[in-house]
Amino acid sequence: MRLNEAGNGGDLAPTDCRLRPDIRALENGDLDLASKEKEALENKQREFRKPFKGKKENEWWTPRWFSPSKHSATGEEDWKFGGGFWDGDFTKSP
């Protein structure tokens, strides 16, 4: 088993970094392909964000697995896990 192999035999979310082709190429020792794949991924991310330039993140993105909350002991802003991720239903994943 390699460091980035899926554990416990379960399915990985399609967004899991272990499925990234640049990571796989790097593990296989193909540095040129890894570099090209990483650049392609970064360009795709930049293109996705272009329509949202100048907007606050909360105007166009909502976390799926966490919600804002106050920490019960400190009263500071925090995040609360809402559950569901470990159920393995990734049908609504990007």
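Heads up: numbering here begins at 1 and tracks the sequence. Note that this is a predicted model, so its numbers are computed, not measured.
- Sparse packing is recorded around CD of Glu39, with 12 or fewer heavy atoms of other residues, nucleotides or ligands lying under 6.0 Å away.
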Test Arg18 against Ile23 for side chain to side chain contact (heavy atoms under 4.5 Å, CB included), laying out the working first. CA-CA 7 Å; Arg18 291 172 282 187; Ile23 300 295; over 6 Å; no

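- Atom OG1 of Thr62 and atom CD of Glu57 lie 9.5 Å apart (nearest 0.5 Å).
- Contact record, Phe66 with Pro63: O-CB, 3.4 Å, taken as the closest heavy-atom pair.
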I would like to know whether Lys70 and Glu76 meet side chain to side chain contact (heavy atoms under 4.5 Å, CB included); could you show each step before the answer? CA-CA 5 Å; Lys70 296 262 184 204; Glu76 294 180 2; over 6 Å; no

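- A heavy-atom distance below 4.5 Å is not found between the side chains of Glu42 and Glu37.
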With side chain to side chain contact (heavy atoms under 4.5 Å, CB included) as the test, would you mind laying out the steps for Lys80 and His71 before giving the verdict? CA-CA 9 Å; Lys80 182 176 181 176; His71 191 278; over 6 Å; no

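- Within a 6.0 Å sphere centred on CD of Glu59, heavy atoms belonging to other residues, nucleotides or ligands number more than 12.
- Using the six-membered ring where Trp is involved, Phe52 and Trp60 have ring planes that are parallel, under 30° apart on the 30 and 60° scheme.
- Taking CG of Leu33 as the reference point, atom NZ of Lys38 lies at 14.0 Å (rounded to 0.5 Å).
- With respect to the salt-bridge test (charged N to carboxylate O, under 4.0 angstrom), the residues Lys50 and Glu47 qualify.
- At least one side-chain heavy atom of Asp30 sits under 4.5 Å from a side-chain heavy atom of Asp32.
- Contact annotation: the side chain of Trp79 never approaches that of Ser67 to less than 4.5 Å [non-hydrogen atoms, C-beta and beyond].
- Contacts classified as ring-ring contact (aromatic ring centres under 6.0 Å, His included) and involving residues 17-47 (residues at least two apart or in different chains) are not found.
- For the pair Arg49 and Trp61, the minimum side-chain heavy-atom distance is 4.5 Å or more.
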